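These notes are about the structure you will find just below.
Fair warning: this is a prediction, and the values are worked out from it, not measured in the lab. Below, chains carry the letters A, B, ... as their sequence lines are ordered, and counting in each starts from 1.
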Amino acid sequence: MAGAFDKLARPVQKWIRQQGWQELRDIQVRAIHDVMGSGADLIIAASTAGGKTEAVFFPLISQVLDEQEPSAGFDLLYIGPLKALITDQAERLEDICLDTDLPVVPWHGDVQQSTKARALKAPRGILLITPESLEALFVRKGAAISRLFGATRAVVIDELHSMLHSERGVQMRSLLSRMELAVKRPIRRIGLSATLGDMALARSYLRFDAADEVRLIETEGGEAELRLQLRGYISDGEGDRETSAEQRVATHLFETLRGSDNLVFAGARGSVEVYADRLRRLCEDAHMPQEFYAHHASLSGEHRDFVEKRLKDAAKPTTAVCTSTLELGIDIGDVACVAQIGAPFSVASLRQRLGRSGRRAGQPAVLRQYDVEVRLSSNPSFVDRLRLGLIRSVAMIELLLEGWCEPPKPQALHLSTLAHQILSVIAQRGGASADTIYNTLCLKGAFRQIRVSDFVRVLRSLGAPDVELIEQMESGLLLLGRVGEKIVENYRFFAVFETPEEYRLVANGRELGAIPVDNILSPGMMVIFSGRRWLVREVDDQAKVISVAPAEGGTPPIFGGDPGDIHDRVIERMFSLFEGDKRPVYMDSVALELLEEARVNFRVMGFQTTPIVELGEGTFAVATRTGTVKTNTLSLALRAFDFRVEQHNGFLFVQAPDEEASLHTVLKRIADGEELDLFSAATNLRFEKYHRYLSDDLLIKDACSSKLDISALRQMCSRLCAALGDDP
DNA sequence: GACCTGCTGCGGTTTG
């Protein structure tokens, strides 16, 4: 500790002594040496709350304090994905900086304007900001960027892993490179993250041009012991409510979790409502004080605060049944157990969730996985026979145990966010030439994979007469068009992601939360929401308010959502599970029985010897053995030949359009390279916020870069044909 | 077959 501690500035040393710490943690010692020893970019990856923020800010603050001449502008920049996280971190940093004259400035939508005005007038110290608020600074205070960040020593990006897969991450990287262009020098980047699957990709994500020079601090060992159980349940479909599989899962959760703090990830908001309702009733039946609560994004802020505070309160046992709202780093303290109902969508998020338990020394991390499969009828579907949900859970747990998780997709074009950034650059500069914009965003910015020809097509789309987002002057200068001005002026512009329209749900003047407008609710109907049952009293379509009163029954509303992408590697692992004979020790007897049944059915159906199984006349099950992206692509190709196609994990269910059509012939034609039109008018290509302003050819290109893999199509079909033998 | 995240400037009212 001595060496590292001695390097720190006096006020920081004093603060550490005041905490009564016996020693600095390993990660802190290493961060102090790395941050102070060079000016290199850096990633600090640690799976649990190991004091990453302190580790990086101790040396950074020390460097600022040791500087001879104070400079104008913010000394350090911190970017965080959540308002609550910024508020938390600002409090911690303020405490460390108490004995210094370094101001700590939290900046997001809920921060007072006066605080912001003061900081703009005399920018100094540490600025903590969201990507959206930073975007707003570029759009509204474009000319001030070089003054605000001219002296910034480093930018710390918190929860870097949460940015890897999102448009928001692209926006953030674009803003950082624009900032560097404005101040005419690189600004050191430091990413804080949970453990990442592919370090090489994470480094190039942080600094595209110099990934090799990004230093890396990973925690070794120190990981909590992991206790793991996967429980299988068999559902009888329309059976008695009290003995249904859902009720048995709820009962097991109730008996196992009561009396301690836990998180139950239920996968979807509707499912959160179902389990929260059942757990609440079990509590009531047992005459116990309530300790089970729903938590998801459609619930009111007030209710969510209440649940989060209860989780932090050591005196009250609390279990939150939640979606990914409780996955990221807001401080809710340690939980005894993390439960996951149904297969997760990515190994990365499973890992992040698991990191919520076992944070205290000596405490194990506990993961309880619950999978419900239906009892097979006399004529079961092949999907049920293969137990795809359970198999996917096992595949993801196995990959988690091996330390793998999904890497970012560096080839994606992100055209929606490119369109957004074009508008932003024009707004920042009050007008710009196409050359300048291309240089800023593509040549030197976050959109390196965009070629000039595509960039020009995006500009043309935005300038089209029926779009009017931008317009060109005689001189060539690009300005915002009539519609572009309106969009950029509105505060909704700053976020690059879309949010649906909603009705507010109100009970007795109290706001419960919101549900999507496509729920058709009318007076007299019953609904489960916020873990309780309600009767709809009144629907106000103008004000978008639904009034409800307590009731005895109901079903959860439909929350909607987009299907997620399952990675190739997960599906590959599912197939090795089908074909292997491993019986993982963490599975209970029912789960093992289901696994064995899936393996038997896989063999009986013939998938071990052929990828295509005829289920009936003109009806086939096709084992693609690939993740969502490639399976989607094959599915579109078959639809182009009028086949009806259903997608499942690693499989397609295919129905021929008529007796003439032969699946084998069609696969052969695709394998031989026949030209296909994969995109009919019915294909939805508008999956991001600014897609609506882009031409169809651009949308197809964007989809091909992220949602589809055309290059794999011929090979997939060749592989399928080869396995069938040559003759159709 | 899913989930989450964010938001300016101004006008009006209240308070000291």
Side-chain angles (χ1 to χ4, degrees), chain A residues 79-87 107-117 120 129-142 158-159 161-172 175 265-273 295-299 301 304 321-330 340-346 348-350 352-353 383 388-389 392 417 420 424 427 486-500 514 516 556 558-566 570 627-628 631-632 635 646-653 687-689:
Chain A
I79 303 179
L82 306 174
K83 290 187 287 191
L85 190 58
I86 285 176
T87 308
W107 185 306
H108 54 67
D110 299 342
V111 170
Q112 294 227 332
Q113 293 233 328
S114 54
T115 309
K116 296 177 181 172
L120 278 182
I129 196 165
T130 59
E132 288 73 19
S133 283
L134 188 58
E135 177 76 56
L137 277 179
F138 273 81
V139 171
R140 310 262 170 152
K141 306 276 186 281
D158 206 354
E159 308 276 8
H161 56 276
S162 75
M163 298 289 190
L164 297 181
H165 302 272
S166 70
E167 294 300 314
R168 226 180 158 198
V170 179
Q171 174 189 31
M172 184 201 66
L175 292 173
F265 291 96
R269 284 170 284 181
S271 159
V272 165
E273 292 295 349
H295 192 287
H296 58 71
S298 298
L299 296 173
R304 287 168 62 176
V321 187
C322 59
T323 56
S324 41
T325 39
L326 290 175
E327 192 175 294
L328 275 187
I330 329 163
Q340 166 78 38
I341 305 175
F345 292 98
S346 75
S349 90
L350 181 62
Q352 185 66 22
R353 290 169 183 189
V383 178
L388 293 183
R392 194 173 97 203
T417 303
H420 176 267
S424 173
K486 274 197 183 148
I487 290 177
V488 174
E489 252 170 39
N490 193 292
Y491 67 95
R492 287 191 193 90
F493 175 70
F494 306 126
V496 291
F497 51 87
E498 188 131 62
T499 37
I558 295 158
F559 288 103
D562 308 313
D565 285 349
I566 308 294
V570 173
T628 314
T631 303
N632 264 341
S635 158
E646 262 175 41
Q647 289 166 244
H648 304 278
N649 291 186
F651 292 88
L652 290 177
F653 174 79
F687 51 88
E688 296 292 349
K689 189 172 175 188

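With DNA chain B read from its 5' end, the first of the two nearest nucleotides for A/R353 and A/A495 is the one closest to A/R353.
Contacts of A/F653 classified as ring pair (Phe, Tyr, Trp, His ring centres under 6.0 Å), with partners at least two apart in sequence or in another chain: none. Looking at residues two or more places apart in sequence or on another chain, you find no ring pair (Phe, Tyr, Trp, His ring centres under 6.0 Å) involving A/Y491. By the side chain to side chain contact (heavy atoms under 4.5 Å, CB included) test, A/T323 pairs with A/R269, A/V272, A/H296, A/T325, sequence neighbours left out.
Rounding to whole angstrom units, CG of residue A/L137 and P of B/dC7 are separated by 11 Å. Atom-to-atom, CE of A/M163 to C1' of B/dC4 comes out at 12 Å; the value is rounded to the nearest Å. Taking atom CD on A/E167 and atom C1' on B/dC3, their separation rounds to 16 Å, with Å as the unit. Between A/E327 atom CD and B/dT5 atom P there is a gap of 11 Å when expressed in whole angstrom units. As a whole-Å value, the separation of A/R269 CZ from B/dG1 C1' is 14 Å. Residue A/D158 contributes atom CG, which lies 16 Å from atom C1' of B/dG6 at whole-angstrom precision. Spacing between atom CD1 of A/I79 and atom C1' of B/dT5 amounts to 15 Å, rounded to whole angstrom units. Distance CZ (A/F138) to C1' (B/dC7): 17 Å, rounded to an integer number of Å.
Between A/S324 and A/R353, the closest side-chain pair of non-hydrogen atoms falls below 4.5 Å.
OP1 and OP2 of B/dG6 both lie 4.0 Å or more from every side-chain N or O belonging to A/T499.
Side-chain proximity of A/T323 to the nucleotides B/dC4, B/dG1, B/dG6 is greatest for B/dC4.
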Using residues 129-141 of chain A as the side-chain source, report each donor-acceptor pair under 3.5 Å to any protein atom, sequence neighbours left out, with the distance given to one decimal.
residue, atom, partner, partner atom, Å
A/T130, OG1, A/S133, N, 3.0
A/T130, OG1, A/S133, OG, 3.3
A/E132, OE1, A/R168, NH2, 3.0
A/E132, OE2, A/R168, NE, 2.9
A/E135, OE1, A/Q171, NE2, 2.9
A/E135, OE1, A/Q421, NE2, 2.9
A/E135, OE2, A/S424, OG, 2.6
A/R140, NH2, A/E489, O, 2.7

Atom pairs and distances, donor-acceptor, side-chain atoms in residues 492-499 of chain A, under 3.5 Å, two or more places apart:
residue, atom, partner, partner atom, Å
A/E498, OE1, A/R692, NH2, 3.4
A/E498, OE2, A/R692, NH2, 2.5

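With 3.5 Å as the limit, one finds a donor-acceptor pair spanning the side chains of A/T417 and A/E167.
Using a 4.0 Å heavy-atom distance criterion, A/N649 is classed as a base contact.
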Where do N or O atoms of nucleotides 8-15 of chain B meet protein N or O atoms at under 3.5 Å, pair by pair?
residue, atom, partner, partner atom, Å
B/dG9, OP1, A/K141, NZ, 3.3
B/dG9, N7, A/Q113, NE2, 3.3

